[in-house]
Amino acid sequence: MSSTVSDASGPDAVTASAHEAATPVFDTLVVIGPGLIGSSVLRRAQQKGTLARQLIAVDVSPEARARVEELGIADRVMADAAEAAALADCVMLCVPVGAMGPVAEKVLPVMRPGSILTEVGSTKVSVIEAISPFLRPDVAYVPAHPMAGTEYSGPDAGFATLFEDRWCLLTPLDGTPPEALNAVRTLWERCGARLREMTPAHHDRVCAIVSHLPHLLAFTICGTADDLADETRSEVLDFAASGFRDFTRIAASDPVMWRDVFLSNREALLEMLARFMEDAQAMARAIRWGDEDYIVDRIQRGRAIRKSLIENRQA
């Protein structure tokens, strides 16, 4: 969906545009789960002042709540998700995908009519299925997935520029009110993100290859290294080159989050894993039989993909 461009011009139009840009999208934004993504949204909202007038962070962990208070990235810090949701114009779920349904079950019954529920899950079909039984006709639901992150987690991991020039994928449902979709679009635009809309099923296939499979391979490769004989393993750790270090960076990611992602997107992930295994076997045959042309072709294709990522500002 493209933004509407006004034909108005002149000082009045500039003033109106500036006023519109300065008006917060929401009065009260509740972020449930102030980890890497959630705390980055809070930091951005606090820094820019154009996402919400009041920021409420919610976490079941006393340690996490205490740290959010120490960081000062929310106006209020609460333990009860339902109590906070009752105050919100928008509730953003930033919890592991396996927890989306149970949290939605708690917050949806108490949300204000006309308010918006959104979430940042990295799988969409399973999350939408988990949340759908609890939806209300007077509360809009806008699924989203900001494709930005690091290997770190928790309130200290976030930073205000995390979403700059990164994609946020929106997967609106058939009955999503346009005004709710526009509000969530504006929120992510003001976070610095680039937006794209797609169906939930297509989202899950795309993310299976560009995100979920690379993480699965990283965890597996590091596990393989860890299972080697002690003397070989120590040399792997001592002499790790940049390629292995890149895998270990990804493998440092939160285990609970990625467990839920793998299980929630199992069909698409297993399909991509099967295709990868076929390609890996083909490369193994090429190495075994000295097929230089095949090997060079695969390397050149990899280089081309890396170049395109750089040109697309995603590297």
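Keep in mind that this is a model prediction, so the values were computed, not measured.
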Contact check, side chains of [X] and [Y], non-hydrogen atoms, under 4.5 Å:
X	Y	answer
M257	S153	no
V25	T50	no
P146	I37	yes
C94	V41	no
R136	P113	yes

>> Taking side-chain contact (heavy atoms from CB on, under 4.5 Å) as the criterion, tell me which of P200, S264, C207 meets it with T123.
In response: S264

> Among I128, L108, I116, T118, whose side-chain contact (heavy atoms from CB on, under 4.5 Å) with Y141 holds?
Replying inline: I128

> Got a sec, which residues hit ring pair (Phe, Tyr, Trp, His ring centres under 6.0 Å) with F163, two or more places apart in sequence or on another chain?
Replying inline: W188

Donor-acceptor under 3.5 Å ([X] side chain, [Y] main chain):
X	Y	answer
N265	V261	no
R112	L87	yes
D204	K124	yes
R205	A268	no
H212	S122	yes
D89	F26	no
D260	G98	yes
Q47	T161	no
R298	I295	no

> Do you reckon M272 sits in the same ILVMFWY cluster as V210, going by side-chain contacts under 4.5 Å, direct or chained?
Replying inline: yes

> Are R44 and S40 close enough, and set up right, to give a side chain to side chain donor-acceptor pair (under 3.5 Å), and what steps lead you there?
Replying inline: CA-CA 6 Å; R44 183 76 175 200; S40 293; over 6 Å; no

> Could you go step by step and tell me if D75 and I56 meet the side chain to side chain contact (heavy atoms under 4.5 Å, CB included) rule?
Replying inline: CA-CA 6 Å; D75 300 304; I56 301 177; 5.9 Å; no

>> Surrounding CZ of R196 (heavy atoms of other residues, nucleotides or ligands, distance under 6.0 Å), is the total greater than 12?
In response: no

> Is there a donor-acceptor contact under 3.5 Å linking the side chains of R190 and T186?
Replying inline: no

> If you take all heavy atoms of D59 and G33, which pair is closest and at what distance?
Replying inline: OD2-CA, 4.1 Å

> What is the minimum heavy-atom distance between C168 and A193, and which atoms define it?
Replying inline: CB-CB, 4.0 Å

> Is E70 salt-bridged to R67, going by a charged N under 4.0 Å from an acidic O?
Replying inline: yes

